[in-house]
Amino acid sequence: MTAFTDFFWTAHDGLTLHARDYAPVGEARGLPVICIHGLTRNARDFEDLSPRIAAKGRRVLAVDVRGRGLSARDPQPMNYHPGTYAADLVALLEAAGIERAVFVGTSMGGLITMVLTSLQPEAIAGAVLNDVGPELSPVGLARIAGYTGLASRFATWDAAVAYAKAINEAAFPGYGAQDWDAFARRLFDQEGDGFVLAYDPDISAPIKAAVQAAAKTQAEGGQTLAPPDMYPLFRALAKNRPLLLVRGEISDLIDIEIAERMRAVAPEMSYAQVPGVGHAPMLTEPEAWSAIEKLLREAP
């Protein structure tokens, strides 16, 4: 594994946040790349991808979104939403002295990237959306909401690995025992004599609040509010910059119909589909990595 240094910065509300900082290998040959993980994950998701990008001569910052990994937990759980996270990225850019970067966003990380277009669009020189878009399948959303913030501590490593497999095996049907052990090491920290998921269980608070509000409205005979329209942000992201959508062939979050609508809205967007993988590809698969290499050649 390529060495990295720990980069800490302070959010605008005073929270201390963390990213893994990979220096470019050899001469710097392009803008930095900022990698942003999904809802319950952390910077370790990019431990294989980041060195590959750094070898291309680009600095890579793999972020721990607030409440995950080594980033501080928010005492106000309702702050756990993409608007806050995008503001945290603005603070990261300021702290790291970065004016422009290429963004790689997996799942929630892609939503954060889209929100960033409303805050600091000039900072985005190119983007990769990993199995995410301006609309999401309710099937995948229900699955993710079903486990977020629930079981978080396990007495043995075998139990932790079994949990990682149970939650994710539908997305990675080809994984074996060694793969699941490595996968679990990205998800868990050792704490005392047990193992805990590397995120604040309270990241689920806004999700639970939205579900409860919808249920209450429905019970009272009202009309449930539609989710915010993200297509204007997606169109803005797709305008005048390299953009790539990576989709897992068996993804339950971005189904093929959603992908086709995204491609119709943004015909210049590149597209790669990873066979036999669900939500979300790790981005080191040959199909994904080849498409990312191409985007990096096109991006400044």
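Closest approach of Asp189 and Ala198 over heavy atoms only: OD2-CB, 3.4 Å. Asp255 and Ser137 get closest at one heavy-atom pair: OD2-CB, 4.1 Å. Closest approach of Arg52 to Thr284, counting heavy atoms only: NH1-O, 3.4 Å. Ala23 and Ala54 make their closest contact through O-CB, 3.5 Å (heavy atoms, listed as atom of the first residue, atom of the second, distance). Of all non-hydrogen atoms in Pro51 and Glu47, the two that sit nearest each other are CD-O, 3.1 Å. Contact between Val132 and Gly105 at its shortest, heavy atoms only, is CG1-O, 4.1 Å.
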**OP:** Start with the C-alpha distance between Leu92 and Leu89, add both sets of side-chain angles, then the distance that settles side-chain contact (heavy atoms from CB on, under 4.5 Å), and finish with yes or no.
**Re:** CA-CA 5 Å; Leu92 168 63; Leu89 285 183; 4.0 Å; yes
Original post:
Would Tyr231 and Val265 count as a side-chain contact (heavy atoms from CB on, under 4.5 Å) if you check the C-alpha gap in whole Å, the side-chain angles of each, and the deciding distance to 0.1 Å?
Top reply: CA-CA 9 Å; Tyr231 269 100; Val265 167; 3.9 Å; yes
Subject >> Verdict with reasoning, Thr40 to Leu197, per side-chain contact (heavy atoms from CB on, under 4.5 Å) >> reply: CA-CA 9 Å; Thr40 64; Leu197 287 165; over 6 Å; no
Original post:
Between Leu187 and Arg41, is a side-chain contact (heavy atoms from CB on, under 4.5 Å) present by the stated rule, with each step listed?
Top reply: CA-CA 6 Å; Leu187 303 186; Arg41 309 290 270 272; 3.4 Å; yes
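Ring to ring, Tyr22 and Phe4 are close: their centroids are under 6.0 angstrom apart.
Between Val60 and Ile34 there is no side-chain heavy-atom pair separated by less than 4.5 Å. The shortest distance between side-chain heavy atoms of Arg247 and Val274 does not fall below 4.5 Å. Residues Glu287 and Gln273 are not in side-chain contact: their nearest non-hydrogen atoms beyond the backbone lie 4.5 Å or more apart. Using a 4.5 Å heavy-atom cutoff, the side chains of Asn130 and Leu283 are in contact. Between Gln120 and Glu122 there is a side-chain heavy-atom pair separated by less than 4.5 Å. When side chains are defined from C-beta on, Leu296 does not count as touching Glu293, because their heavy atoms never get closer than 4.5 Å. When side chains are defined from C-beta on, Leu129 counts as touching Phe234, because their heavy atoms get closer than 4.5 Å. Between Arg20 and Phe7, every side-chain heavy-atom pair lies at or beyond the 4.5 Å cut-off.
Checked for salt-bridge contact, Glu135 and Arg261 meet the test: a charged N lies under 4.0 Å from a carboxylate O. At a threshold of 4.0 Å, the pair Asp181-Arg185 counts as salt-bridged, since one of the basic side-chain nitrogens sits closer than that to a carboxylate oxygen. Ion pairing between Arg73 and Asp202 fails under the 4.0 Å rule for side-chain N and carboxylate O. Using a cut-off of 4.0 Å between Lys/Arg side-chain N and Asp/Glu carboxylate O, Lys294 and Glu298 are scored as salt-bridged.
In this structure, Thr117 contributes its side chain and Thr113 its backbone to no donor-acceptor pair below 3.5 Å. In this structure a side-chain-to-backbone donor-acceptor pair under 3.5 Å is present from Asn42 to Arg186. Proximity of a side-chain donor or acceptor of Thr156 to a complementary backbone N or O of Ala159 within less than 3.5 Å is detected. With hydrogens and angles disregarded, a donor-acceptor distance shorter than 3.5 Å links the side chain of Arg58 to the backbone of Leu31. Proximity of a side-chain donor or acceptor of Ser50 to a complementary backbone N or O of Phe46 within less than 3.5 Å is detected. Of the possible donor and acceptor atoms, none in the side chain of Ser204 sits under 3.5 Å from a partner among the backbone N and O of Ile207.
Expressed to the nearest 0.5 Å, how far CG of Leu15 lies from OG1 of Thr10 amounts to 9.0 Å. Between atom CD of residue Glu249 and atom CD of residue Glu285 there is a gap of 12.0 Å, rounded to the nearest 0.5 Å. In this structure, OG1 on Thr16 lies 10.0 Å from CH2 on Trp9, to the nearest 0.5 angstrom. Atoms CG and CD1, on Asp45 and Ile36 in that order, are 13.0 Å from each other to the nearest 0.5 Å. Distance CG/Leu253 to CE/Met108: 12.5 Å, rounded to 0.5 Å. To the nearest 0.5 Å, atom OH of residue Tyr147 and atom CG of residue Asn168 are 6.0 Å apart.
For residues 141-153, the salt bridge (charged side-chain N to carboxylate O under 4.0 Å, His left out) pairs, not counting sequence neighbours, are Arg143-Asp252, Arg153-Glu191, Arg153-Asp193.
Side-chain atoms of Asp200 and Tyr80 include a donor-acceptor pair closer than 3.5 Å. Remark: the Ser251 side chain and the Asp131 side chain contain an N/O donor-acceptor pair separated by less than 3.5 Å.
Ring planes of Trp180 and Phe172: perpendicular class, angle over 60° (limits at 30 and 60°). Taking the six-membered ring for Trp and thresholds of 30 and 60 degrees, Phe188 and Trp157 have ring planes more than 60 degrees apart, a perpendicular arrangement.
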Pairs under 3.5 angstrom only: tabulate donor-acceptor contacts from the side chains of residues 61-68 to other protein residues two or more places apart or in another chain.
| from | atom 1 | to | atom 2 | distance (Å) |
| --- | --- | --- | --- | --- |
| Asp64 | OD1 | Ala43 | N | 2.8 |
| Asp64 | OD2 | His18 | ND1 | 2.8 |
| Asp64 | OD2 | Leu70 | N | 3.0 |
| Arg66 | NE | Asp88 | OD2 | 2.7 |
| Arg66 | NH1 | Asp13 | OD2 | 2.8 |
| Arg66 | NH1 | Asp74 | OD2 | 2.4 |
| Arg66 | NH2 | Asp13 | OD1 | 3.1 |
| Arg66 | NH2 | Asp13 | OD2 | 3.2 |
| Arg66 | NH2 | Asp88 | OD1 | 2.8 |
| Arg66 | NH2 | Asp88 | OD2 | 3.4 |
| Arg68 | NE | Leu39 | O | 2.9 |
| Arg68 | NH1 | Arg66 | O | 2.7 |
| Arg68 | NH1 | Tyr85 | OH | 2.9 |
| Arg68 | NH2 | Leu39 | O | 2.9 |
| Arg68 | NH2 | Tyr85 | OH | 3.4 |

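Tyr271 and Ile250 are not part of a single hydrophobic cluster, where members link through side-chain heavy atoms under 4.5 Å apart. Under a hydrophobic-cluster definition in which Ile, Leu, Val, Met, Phe, Trp and Tyr are linked whenever side-chain heavy atoms come within less than 4.5 Å, directly or via other members, Leu111 and Leu141 are assigned to the same cluster. Using a 4.5 Å cut-off between side-chain heavy atoms of Ile, Leu, Val, Met, Phe, Trp and Tyr, with links allowed through other members, Phe8 and Tyr199 fall into different hydrophobic clusters. Linking Ile, Leu, Val, Met, Phe, Trp and Tyr whenever their side-chain heavy atoms come within less than 4.5 Å puts Val90 and Leu233 in one cluster. Hydrophobic clustering (side-chain heavy atoms under 4.5 Å, transitive across Ile, Leu, Val, Met, Phe, Trp, Tyr) groups Met230 together with Val246.
Other residues, nucleotides and ligands contribute more than 12 heavy atoms inside 6.0 Å of the CD atom of Glu94. Crowding of Glu169 atom CD: a count of heavy atoms from other residues, nucleotides or ligands under 6.0 Å exceeding 12.
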